[in-house]
Amino acid sequence: MVKTVAIIGAGISGLGAIKACLEEGLEPTCFERSDDIGGLWRFTDEVEEGRASIYKSLVTNSSKEIMCHSDFPMPEDFPNFLPNHKYVEYIRLYANYFKLVKYIKLKTSVCRVEKHTDFPVNGQWLVTTESNGVKKTDIFDAVMVCTGQHAKPAMHLENLPGIDMFKGKVLHCREYKRPIGFDGKQVLIIGMGNTGVDIATELCTKASQVYLSCKTGVWVFQRLGKGGLPFDLGFLRRSFDWINNIMPPAVSRWMLKKYMNDQFNHDLYNIQPEG
């Protein structure tokens, strides 16, 4: 009998999982709680419970050659770094080209996954789903969880003494959609990851002052590298891995630190990481 696989999430990982199952002769069923495919990259004006949330201006940090599946290159006319709506377009092209949509059940939430009572014998799983208010439980031979890692915000407000007396607005970046409502205000952004830097860059044209708080320092990459090509085409290659493997770690770290500071002096901006 054909083995059945439950796939949770119809983002780019879930779609790749469907295709991989079909190539192996398996029978996949993909459950997506929202009303469309695209996962993280599909922008909505409202924050949806249990789903990653992005801002309107989000652009990929990796180039299209790195972001695409190896068996389905990006169209040549796509930009090197894709706005979120352009990456969703790629996801749709991928799903339609490999005829994956028919294996997806939209507006279907997975409520529970548990081992079958005879799991030691059959290795099967019980998957309970809900759609239109109706719950049902099906048996699958395997489960693939493709829900990503950005669905639940981590605020940790308890680590900010006096935050309960703050009179301003406190929000997580998942609630940020557009630079609206920040005109003339002072804004503190905690965290200098990709999202923090993106939002700071956008808000500095609206707010009276934007502060970007960084605890341990960060390495800042430019999207364009040598010769104007995407940085990751020159940086992510086997020759670099080979050099790192044969060199003493201290020398490898020194070379990387020099490469990063050749772009600009991180110490000058007080963001030089300790490690």
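Computed from a prediction, not measured in an experiment: that's the story for all the values here.
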Under a 3.5 Å cutoff, is there a donor and acceptor pairing between the side chains of Ser63 and Asn80? no
Any donor-acceptor pair under 3.5 Å from Arg223 side chain to Thr60 backbone: yes
Does atom CD of Glu158 have more than 12 heavy-atom neighbours from other groups under 6.0 Å away? yes
Name of the residue among Thr4, Asp141, Asp118 meeting side-chain hydrogen bond (donor to acceptor under 3.5 Å, both in side chains) with Gln124: Asp141
Is there a path of hydrophobic side-chain contacts, each under 4.5 Å between heavy atoms of I/L/V/M/F/W/Y residues, joining Leu236 to Leu256? yes
For the residue pair Gln272 and Asn265, confirm or rule out a side-chain donor-acceptor distance under 3.5 Å. no
I'd like to know if Arg92 pairs up with Asp36 as an ion pair, taking the criterion as any Lys NZ or Arg NE/NH1/NH2 lying under 4.0 Å from an Asp or Glu carboxylate oxygen. yes
Around Asp77, counting heavy atoms of other residues, nucleotides and ligands shown, do more than 12 lie under 6.0 Å from its CG? yes
Rounded to the nearest 0.5 Å, what's the gap from CG on Leu82 to CE on Met67? Could you check? 7.5 Å
Ring centres under 6.0 angstrom apart (His85, Phe43): no
For residues Trp41 and Tyr55: do they belong to one hydrophobic cluster (side chain heavy atoms under 4.5 Å, members Ile, Leu, Val, Met, Phe, Trp, Tyr)? yes
Check whether Ile271 and Leu188 end up in the same hydrophobic cluster, where Ile, Leu, Val, Met, Phe, Trp and Tyr are linked by side-chain heavy atoms less than 4.5 Å apart. no
Other residues, nucleotides and ligands only: do more than 12 of their heavy atoms fall within 6.0 Å of NZ on Lys3? no
Taking atom CZ as the centre, does Arg178 end up with more than 12 heavy-atom neighbours from other residues, nucleotides or ligands that are less than 6.0 angstrom away? yes
Proximity of Tyr90 and Phe72 rings by center, below 6.0 Å: yes
Could you check whether atom CE of Met155 has more than 12 heavy atoms from other residues, nucleotides or ligands sitting under 6.0 Å from it? yes
Please round to the nearest 0.5 Å and tell me the distance separating atom CG of Leu212 and atom CD1 of Ile190. 10.5 Å
May I ask whether Tyr87 and Leu233 are part of the same hydrophobic cluster, defined by side-chain heavy atoms of I, L, V, M, F, W, Y residues being less than 4.5 angstrom apart, directly or through others? no
Is there a chain of hydrophobic side chains (I, L, V, M, F, W, Y, each step under 4.5 Å between heavy atoms) that links Ile12 to Ile8? no
Strictly by modelled atom types, are Thr137 and Thr128 linked by a side-chain donor-acceptor pair under 3.5 Å? yes
Tell me whether Phe264 at atom CZ has more than 12 heavy atoms from other residues, nucleotides or ligands lying less than 6.0 Å away. yes
So Tyr94 and Leu100, do their side chains get closer than 4.5 Å, heavy atoms only? yes
Non-hydrogen side-chain atoms of Arg33 and Lys107 separated by less than 4.5 Å: no
Do we see a donor-acceptor contact under 3.5 Å between the side chains of Ser34 and Arg42? yes
Do we see a donor-acceptor contact under 3.5 Å between the side chains of Ser53 and Lys177? yes
Any heavy-atom pair between the side chains of Val5 and Thr29 that's under 4.5 Å? no
Please check if atom CG in Asp241 has more than 12 non-hydrogen atoms from other residues, nucleotides or ligands closer than 6.0 Å. yes
Between Lys185 and Asp183, does at least one N-O distance fall below 4.0 Å, as a salt bridge requires? no
Could you check whether Phe140 and Trp125 have their ring centres less than 6.0 Å apart? no
Any chance you could measure Ser208, atom OG, to Leu203, atom CG, to the nearest 0.5 Å? 11.0 Å
Does atom CD of Gln149 have more than 12 heavy-atom neighbours from other groups under 6.0 Å away? no
With Lys19 as the cation and Phe98 as the aromatic partner, state whether NZ or CZ is under 6.0 Å from the six-membered ring centre and within 45° of the axis. yes
Distance-only polar pair, side chains of Ser57 and Glu202, donor-acceptor under 3.5 Å: yes
